[in-house]
Each structure stands twice: as C-alpha cells, then as structure tokens.
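So that we are looking at the same thing, I have put the structure below in structure tokens.
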Amino acid sequence: MIKNWKKQFAVIYTGQAFSLLGSSAVQFAVIWRLTIQTESAVTLTLAAISAFIPNMLIGPFAGVWIDRFNRRAVMIAADGLVALTSVVLGAAFLLMEMPPVWFIYLILLFRGLGNTFHGPAMQAAIPLLVPAHMLTKAGGWGSLINSFSNMLGPILGAALMGVLPIAGIMLVDIFGAVAAIVCLLFVRIPDVPESGQKLRFLSDMKQGFSAMRANKPLMAIFPSMVVMTILYMPLGSLFPLLILVHFGGTAWHTGAATFVFAGGLLVSSLVIGVWGGMKRRFLMASLAIGVLGLGSLFSGALPQEGFAAFLVCCFLMGSSGAFLNVPVMAYTQETIRPEMMGKVFSLLMTAMTWAMPVGLLAAGPVSERIGISQWFFWSGVALLLTAFACRLMTRRYDAVTMRPEKTSAKEAI
C-alpha cells in the first residue's frame with residue numbers, strides 16, 4: 001500500500017476528469033447528430049452496441065493482460081487509443097458534413113476497445129493504492145469526479161455545437177486524453193505478483209472464473225446486476241429519442257436531461273464519499289435498483305407536456321447509480337486477491353456487456369412498435385421486480401458484506 005495514497009488517487013482522477021469531460025462532450029455531439037439525422041431507435045441502439053462489441057469478444061482476455069502487466073501502462077495505452085479515434089473522426093468530419101453511419105460505428109468500436117482495457121485496469125489498480133476500509137468512500141469520490149465530468153460534458157458539447165463544427169469538438173477529447181496520460185505518468189501503481197510473467201490465457205481465465213464462483217455473496221447479487229443491465233442500457237441509449245419524439249425537445253433539452261441525470265449521480269456520489277453508505281451494502285444496492293425502476297416507470301407515464309417532471313425522474317435515475325455500483329465494486333475490491341482482480345473485473349464487465357445487447361436489440365424494434373414512452377414504463381415495472389428479487393437473494397449475506405470500519409475486509413468466503 002502506498003503511504004501517500006490520497007495524493008496518488010487525486011492525481012489519477014484529475015486526469016480522468018479531463019478525459020471523461022472531453023469524451024462526454026464528443027459523445028453528446030455525435031449521438032445528437034445521429035439522432036437528428038436518422039430519428040431511428042435502431043440506429044442509436046446499434047451505435048451503443050458497437051461500443052460494447054470489443055468487451056463482448058475479448059473482455060476475459062483483457063483481464064489476463066491487465067494482471068500480467070503494469071496497470072498504469074495498460075491505462076495509458078487505452079487512453080492513447082481513444083485519443084487516436086478522435087483524431088480520425090475529426091478528420092472525417094473535416095472532409096464531409098456527415099460521415100457514413102458505418103464509419104461512426106467503427107470509430108465507436110475502437111473507442112470501446114480502449115475502454116475494455118481501461119475500466120478493469122482502473123478498478124483493479126485502486127485497491128493497490130487505497131486502504132480496504134476506505135474503498136467505499138474512495139469509490140464515492142471517484143464516482144463524484146466521474147459524474148461531475150459527465151454532467152458538464154453534454155452541456156459543453158451542446159455549447160460547442162453552436163460555435164464549432166464537430167471536427168473542432170474532437171479537439172476537446174484529444175486534449176482530455178493527453179491530460180489523463182500526463183497525470184498517469186506522475187503516479188506509481190505497484191505491480192502484482194503475476195505482473196510481467198509469461199501469459200497463460202486459458203489457465204489464467206480459469207483462475208478468474210474460480211475466484212468469482214468462490215465468492216458466494218458476489219454470485220448472489222450477480223444475476224440481479226445482469227438483469228438490471230439488460231433493462232437499464234436501452235433507457236440510457238434511448239434518452240435522446242424519448243426527448244425528441246415524446247417531449248418534442250431539442251439538443252438543449254437533451255443536454256438539460258443529461259445534466260440533471262449526472263447531477264443525481266454527483267449528489268449520490270458525494271453522499272457516499274462523505275458518509276460511506278449503508279453498512280448493509282447489498283441492501284443499498286437493492287434499494288438503488290428500485291429507485292431506478294420508479295424513475296423509469298414515471299418517465300414512461302408522463303404526458304408530452306411533462307418534461308419538467310421528467311427532469312425529476314432523471315435525477316432519481318441518476319442518483320441510483322452510485323448507490324448501486326460503488327458498494328458492489330468496493331466489496332469486490334476488498335474480497336478478491338490483487339493478482340486475480342483484473343481477471344474478475346474483466347469477467348464482471350464482460351458479463352454486463354453481453355447483457356447490454358439483449359436489452360438494446362429488443363428495445364429498438366419494440367419501442368418503435370409500442371412507443372418509446374411505453375418501453376420506459378414497462379422497464380420500470382421490471383426493474384422494481386428485479387429490486388425485490390435482489391433483496392431476497394442477498395439478505396442472507398448481510399453479515400459478511402457489511403462495510404468495514406477500520407480494518408481490512410479481506411477474508412475467505
């Protein structure tokens with residue numbers, strides 16, 4: 001454990017804040033251009049799926065690489081790849097007013113490749129810096145920084161669209177990625193026992209599966225997380241279409257909704273960063289799924305003139321994010337051995353990624369048939385049922401998943 005972990009943690013997340021801000025602004029600009037160009041739920045869902053394909057195909061292998069090599073080097077390479085995609089997309093927008101949709105899908109695919117390595121490497125690196133009893137609070141502060149960047153990103157993207165071509169907006173993402181890389185150069189992330197050793201993909205992947213299966217509380221909450229992902233992903237991807245078609249909104253309405261959603265995540269992250277969250281962490285996760293369900297249900301039930309009430313629902317749905325993800329991630333970081341952590345996080349994220357297309361592929365054609373508002377309503381009903389099931393499956397493990405106070409929570413489970 002590094003003694004000055006707070007400084008190292010702050011430097012890492014400062015760089016990530018700039019990177020996320022740029023990526024969020026670019027993503028908003030590109031997705032809104034696709035929205036007004038096509039007005040198609042299928043196009044938006046395929047755009048979302050494109051970003052997840054790399055994780056679906058190579059996610060488990062990524063975990064093996066992450067545990068074998070220095071996690072800082074992995075994150076630097078991933079940030080560099082994301083910056084390169086912005087350079088290519090910016091050049092395409094300079095040459096033509098609107099690149100082909102397939103080209104945008106390809107760019108999103110390569111950005112997803114970078115995220116396939118960056119996300120698990122980041123989650124696996126934090127426990128090497130942060131004491132176990134501070135992981136939940138550190139997760140809250142990390143989520144606060146992420147949500148703050150994601151909150152400002154759409155506003156920045158909407159503002160820049162009024163004064164710059166999209167090619168110019170790409171520069172924001174490039175500068176953000178460079179800032180993230182520079183900050184990573186100033187931190188030291190310890191190696192784990194397996195770092196630098198010979199790769200044994202099949203053997204290492206089996207070890208990751210075994211470590212995950214042996215953690216019974218994690219396996220108990222895992223099905224609910226998968227179902228929640230199936231239901232949640234279409235909601236996020238179809239936000240712009242709901243605002244455009246149902247509420248008759250514009251880019252600024254979409255930016256406002258995204259801002260409020262991220263504001264809910266920011267507030268919940270701040271609460272966890274200061275408070276630490278409920279001691280019964282899996283109960284908190286179940287309640288968060290229920291809040292997400294209520295927000296989705298009421299969003300679908302609102303009349304066309306109910307955009308102001310929809311913003312309240314956006315805040316509720318956003319606030320559920322940190323209360324769900326932070327406690328589960330902190331518990332996983334506390335109970336998985338460092339040399340297994342990259343594999344386990346990659347497996348978790350790959351499973352969630354495979355769940356995403358199930359909901360996305362259903363949401364596109366079904367929402368076009370029954371109406372986008374009806375999709376939000378019935379997704380909310382299903383999320384409420386998922387919250388109830390999650391509590392039933394995890395309550396027996398409340399004692400072993402309690403948030404630690406001052407000592408390490410690592411123990412055999």
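What you see is a predicted model; the values in this text were computed from it and never measured. Each residue takes its place number in the sequence, starting with 1.
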Are the side chains of Leu287 and Met278 in contact, using a 4.5 Å heavy-atom criterion?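 When only atoms from C-beta onward are counted, Leu287 and Met278 do touch, with a gap below 4.5 Å.
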
Walk me through it: do Trp375 and Leu242 pass the test side-chain contact (heavy atoms from CB on, under 4.5 Å)? CA-CA 10 Å; Trp375 178 267; Leu242 178 71; over 6 Å; no

Looking at every heavy atom in both Val260 and Cys314, which two are closest together, and how far apart are they?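 Nearest pair, atom of Val260 first, then Cys314: CG1-CB, 4.2 Å.
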
Among Val328, Thr386, Leu324, which residue satisfies the side-chain contact (heavy atoms from CB on, under 4.5 Å) criterion with Ser224? Thr386

Could you state the interatomic distance from CZ (Arg71) to CG (Leu128), rounded to the nearest 0.5 Å?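 Result: 5.0 Å between the selected atoms.
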
Shortest non-hydrogen pair, Ala382 vs Leu231, comes out as CB-CD1, 3.6 Å

His246 and Phe376: CA distance, side-chain angles, deciding distance, side-chain contact (heavy atoms from CB on, under 4.5 Å) verdict: CA-CA 11 Å; His246 184 69; Phe376 271 72; over 6 Å; no

Spatial distance of atom CD1 (Ile221) from atom OG (Ser286) [nearest 0.5 Å]: 6.0 Å

Does any N or O in the side chain of Gln8 come within less than 3.5 Å of the main-chain N or O of Arg188, such that one atom is a donor and the other an acceptor? yes

Residues Leu294, Leu316; criterion side-chain contact (heavy atoms from CB on, under 4.5 Å); working and verdict: CA-CA 8 Å; Leu294 286 174; Leu316 287 175; 5.5 Å; no

What is the distance from atom OG1 of Thr401 to atom CZ of Arg281, rounded to the nearest 0.5 Å? 6.5 Å

A side-chain contact here means heavy atoms from C-beta on lying under 4.5 Å apart; do Met228 and Cys390 qualify? no

Is the count of non-hydrogen atoms from other residues, nucleotides or ligands lying under 6.0 Å from Phe377 atom CZ greater than 12?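 Enclosed: over 12 neighbouring heavy atoms sit under 6.0 Å from CZ of Phe377.
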
Grab the two heavy atoms, one from Val344 and one from Ala211, that are nearest each other, plus how far apart they are.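 Looks like CG2-CB, 4.1 Å.
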
With side chains defined as the heavy atoms from C-beta onward, is the minimum distance between Tyr13 and Ile126 less than 4.5 Å?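 They are in side-chain contact.
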
The reported gap from OG in Ser379 to CD in Gln374 (rounded to nearest 0.5 angstrom) is 10.5 Å

Looking at Ser268 and Leu265, would you say the former's side chain and the latter's main chain have a donor-acceptor pair under 3.5 Å?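 Yes.
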
Under the side-chain contact (heavy atoms from CB on, under 4.5 Å) criterion, do Val267 and Phe315 qualify, and how do the steps go? CA-CA 9 Å; Val267 171; Phe315 184 86; 4.0 Å; yes

Relative to the ring of Phe261, is the ring of Tyr232 parallel (under 30°), tilted (30 to 60°) or perpendicular (over 60°)? parallel

Under 4.5 Å between any side-chain heavy atoms of Thr335 and Val400, yes or no? no

Hey, what do you get for CG (Asp79) to SG (Cys183), rounding to the nearest 0.5 Å?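 Here the interatomic distance stands at 10.0 Å.
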
Give, for atom OG of Ser299 and atom CZ of Phe307, the distance between the pair rounded to the nearest 0.5 Å.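 Output value for this atom pair is 10.5 Å.
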
Is the number of heavy atoms from other residues, nucleotides or ligands under 6.0 Å of Phe388 CZ greater than 12? no

Validation row: Ser320, Ile289 side chains within 4.5 angstrom (heavy atoms): no

Gly15 backbone acceptor or donor facing Ser19 side chain under 3.5 Å: no

So, do Leu185 and Ile76 sit near enough that their side-chain heavy atoms are less than 4.5 Å apart?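 The answer is yes; the side chains approach within 4.5 Å.
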
Quick one about Arg111 and Ser86 (side-chain donor to acceptor, distance below 3.5 Å, no hydrogens or angles considered), yes or no? yes

Side chains of Pro327 and Phe282 in contact at under 4.5 Å (non-hydrogen atoms): no

For Thr85 and Val82, the nearest pair of non-hydrogen atoms, with its separation, is OG1-O, 2.5 Å

Check: Phe310 ring centroid to Phe247 ring centroid under 6.0 Å: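 Yes, ring centres under 6.0 Å apart.
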
Take atom CZ in Phe9; do more than 12 heavy atoms of anything else shown fall under 6.0 Å from it? yes

To check you understand the geometry: which heavy-atom pair defines the closest contact between Pro120 and Thr116, and what is its length? CD-O, 3.1 Å

With a 4.5 Å heavy-atom cut-off, do Met122 and Asn115 have their side chains touching?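 The answer is no, as the side chains (C-beta and beyond) never meet within the 4.5 Å cut-off.
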
Name the one of Ile169, Leu94, Asp173, Ile107 that satisfies side-chain contact (heavy atoms from CB on, under 4.5 Å) with Leu89?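 Of all the options given, the one that passes is Ile107.
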
Taking everything shown except Phe186 itself, do over 12 heavy atoms lie less than 6.0 Å from its CZ? no

Where do Met317 and Ser296 come nearest, in terms of heavy atoms and distance? SD-N, 3.6 Å

